[in-house]
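For reference, the structure discussed in these notes is given below.
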Amino acid sequence: MSAEFNLNNILRENIAKLKPYTSARDEYSGEGEVFLDANENPLGSATQHHHNRYPDPLQIDLKTEISKIKNVPVEQIFLGNGSDEAIDLVFRAFCNPGKDNVITVPPTYGMYQVLADINDVEVKQVSLTEDYQLDVDGILGAVTENTKVIFICTPNNPTGNSIKSEDIFKILDNFNGIVFVDEAYIDFTSAPSFTNELKNYPNLVVIQTFSKAWGLAAIRLGMAYASEEIIGIFNKVKFPYNISDVTQEAAMEAVKNVAKTEKMVKEVLAQRDVLENELKQLADVEKVYPTDANFLLVKIKEAHQKYNDLIAQKIIVRDRSKVLLCEDSLRITIGTAEENTRLINALKTL
Ligand SMILES: *Cc1c(COP(=O)(O)O)cnc(C)c1O
C-alpha cells in the first residue's frame with residue numbers, strides 16, 4: 001500500500017479550483033416531461049433515427065452493465081471517447097505543463113508520448129529489459145519530486161507480452177504518484193485484471209477498451225477504473241457529453257451479449273496459434289515473440305523491405321523495425337483465417 005499517497009498533493013491547482021460546467025440537465029431534480037431547457041430540436045432529427053436529445057453525461061445505464069461484468073462499482077468507472085481520452089485526462093488533471101514529468105517504459109504504446117507532448121509534459125524514458133520486462137530499479141530511480149505518472153502497458157504493445165505483476169506491485173508500493181496500467185489487450189489473456197487491486201491502491205488507474213476484443217473500434221469507447229475521487233476528477237474535467245448516444249447504445253448491445261465477444265476472442269486465439277506456427281516455418285523469420293495479445297511481434301530478415309513488399313500486395317502490417325528493442329521486427333495483427341493465409345503466401349514469395 002502506498003501509504004503516503006495524497007491525491008490533493010498531485011492534483012493541479014487549477015483543476016482543484018475548477019468549477020465544472022453544469023449542463024441544463026444537471027440543474028434540476030425531479031421528473032421532467034416537457035424539456036425546454038437545452039435548446040434541442042423538439043421535432044426530431046435530420047436522420048431516420050432520433051438523436052435530438054443530449055445523451056446521459058455520466059452514462060449511468062451503460063456503466064451499470066459494465067460494473068456487473070467487470071465487478072467494479074459504477075462510481076469507480078469513467079467512460080471516454082476511446083481509452084485515449086483517459087490518458088489525456090491524466091495529463092490534464094495531474095501534470096503541470098512545462099514543470100511536471102511522467103515515466104514511460106519503451107518500447108510501448110505511442111500515445112503516452114504524443115499526449116505528453118500535446119500537454120507540454122516531459123517524458124522520462126526507462127526502457128524495458130531485453131526480455132521486455134520492467135527495470136523496476138531504473139524506473140524508481142528516475143522518479144523526481146515532479147514525477148506524476150508512470151505508464152505501464154500489459155499485455156504490452158508492440159511486444160505482446162504481459163508484464164510481471166510482482167514488478168507492477170513494486171512500482172505501486174514505492175511510488176506516490178499515479179500508476180497507470182493500460183489493459184487494452186486484457187481480454188486476450190487469462191491474467192487477472194489490476195481492477196482487483198483498486199481497493200488496495202488509491203494511486204492506481206486501469207484502462208481497458210471496446211476497440212480490440214469487443215470489435216467496436218469505430219464507436220470510440222474506452223473505460224478507466226480508479227478510486228471514486230480520481231473518477232470524480234475525470235468527470236469534472238471531461239467534456240460534458242463525451243460519449244454519444246449512438247456509442248452508448250452500441251456498447252449496451254455488446255455488454256448484453258458477452259458470449260459473442262468471448263466466441264470471437266477464442267477464434268482469434270486459435271488463429272494466433274495457426275499464424276504463429278506458419279510464421280515459424282518461414283526461412284526469413286528469426287523469432288516470433290511470445291504474446292498475450294491479438295498480435296505477434298515477428299523478427300524477420302529485411303523487415304522494412306518486407307513491410308513495403310507486403311504493401312505492394314495490399315497487405316498492411318505495422319513496421320516496428322526502427323523501434324528500440326524491436327529492431328528488424330514487424331507487428332502483425334491476427335486476421336481471419338483467409339487473411340492470415342494470404343499473408344503467409346505473400347511472405348513465402350518475398
Ligand atoms: C488500442 C490501444 C489503446 C486504446 O485505444 P482506444 O481505441 O482509444 O480505446 C490503448 N492502449 C493501447 C496499448 C492500445 O493498443
Side-chain angles (χ1 to χ4, degrees), residues 59 62-63 66 70 77-92 102-116 118-119 123 125 128 132 134 149-163 168 178-189 191 193-195 204-226 234 238-239 242-244 246-248 250-251 254-255 261 264-265 268 272 289 291-297 316-320 323-326 329-335:
Q59 313 98 23
L62 179 55
K63 283 181 186 168
I66 293 173
K70 301 292 182 176
I77 303 175
F78 166 83
L79 296 181
N81 183 343
S83 47
D84 289 345
E85 183 180 353
I87 304 172
D88 187 49
L89 282 174
V90 166
F91 284 105
R92 293 165 67 199
V102 301
I103 294 175
T104 66
V105 291
T108 194
Y109 185 47
M111 282 302 284
Y112 314 135
Q113 177 78 52
V114 172
L115 289 166
I118 290 170
N119 288 286
V123 175
Q125 299 191 331
L128 294 176
Y132 298 150
L134 300 181
V149 190
I150 298 174
F151 288 96
I152 298 165
C153 184
T154 182
N156 187 41
N157 178 4
T159 58
N161 64 296
S162 295
I163 302 297
I168 300 178
I178 301 284
V179 178
F180 192 98
V181 177
D182 185 339
E183 294 185 339
Y185 298 95
I186 186 82
D187 307 285
F188 299 102
T189 84
S193 168
F194 267 84
T195 53
L204 173 64
V205 175
V206 179
I207 63 166
Q208 297 176 353
T209 180
F210 279 87
S211 297
K212 310 285 160 60
W214 293 86
L216 290 169
I219 71 169
R220 309 303 306 128
L221 188 66
M223 343 36 157
Y225 311 96
F234 287 177
K238 79 180 181 74
F239 287 129
N242 61 327
I243 308 295
S244 78
V246 181
T247 294
Q248 292 187 47
V255 293
T261 294
M264 291 192 292
V265 166
V268 168
R272 188 177 75 186
Y289 290 88
T291 185
D292 284 322
N294 66 335
F295 57 84
L296 294 165
L297 186 69
I316 319 299
V317 299
R318 198 85 200 266
D319 182 11
R320 300 283 82 183
V323 172
L324 174 83
L325 295 177
C326 298
S329 296
L330 301 176
R331 193 195 70 190
I332 302 175
T333 306
I334 311 304

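Heavy atoms only: backbone and side chains are in, while hydrogens, waters and symmetry mates are out. Both ligands and their constituent atoms are indexed starting at 1 by order of listing.
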Ligand-side contact atoms (ligand 1) for residue partner [X], heavy atom cut-off under 4.0 Å:
X    : value
C153 : 13 (C)
D84  : 4 (C), 8 (O)
S211 : 6 (P), 7 (O), 9 (O)
K212 : 1 (C), 2 (C), 3 (C), 14 (C), 15 (O)
T209 : 6 (P), 7 (O), 9 (O)

Check your understanding: Are A217 and ligand 1 in contact, using a heavy-atom cut-off of under 4.0 Å?
Key -> no
Exercise for review: For M111 and ligand 1, answer yes if some heavy atom of the residue is under 4.0 Å from a ligand atom, otherwise no.
Suggested key: no
Residue portion contacting ligand 1 (non-hydrogen atoms closer than 4.0 Å) for [X]:
X    : result
E85  : neither
N157 : side chain
Y185 : side chain

Is there a donor-acceptor pair closer than 3.5 Å between any side-chain N or O of [X] and the backbone N or O of [Y]?
X    : Y    : result
Y132 : L325 : yes
S83  : G222 : no
T291 : L296 : no
Q208 : I186 : no
R220 : S211 : no

Review point. Which heavy-atom pair separates N156 from P107 by the least distance, and what is that distance?
Key: ND2-O, 2.8 Å
Study note, to complete from the structure: Taking every heavy atom of N242 against every heavy atom of L79, the minimum-distance pair comes out as ND2-O, 2.9 Å
Can you tell me the protein heavy atom closest to [atom] and the distance?
atom                    : result
atom 5 (O) of ligand 1  : S83 OG, 3.6 Å
atom 8 (O) of ligand 1  : R220 NH2, 2.8 Å
atom 11 (N) of ligand 1 : D182 OD2, 2.6 Å

Point to revise | Close aromatic pair by centroid cut-off 6.0 Å: F78 and Y225 | key: no
Check your understanding: Does the gap between the ring centers of F91 and F234 come in under 6.0 Å?
Key -> no
Review point. Is the shortest N/O to N/O distance between Y112 and ligand 1 below 3.5 Å?
Key: no
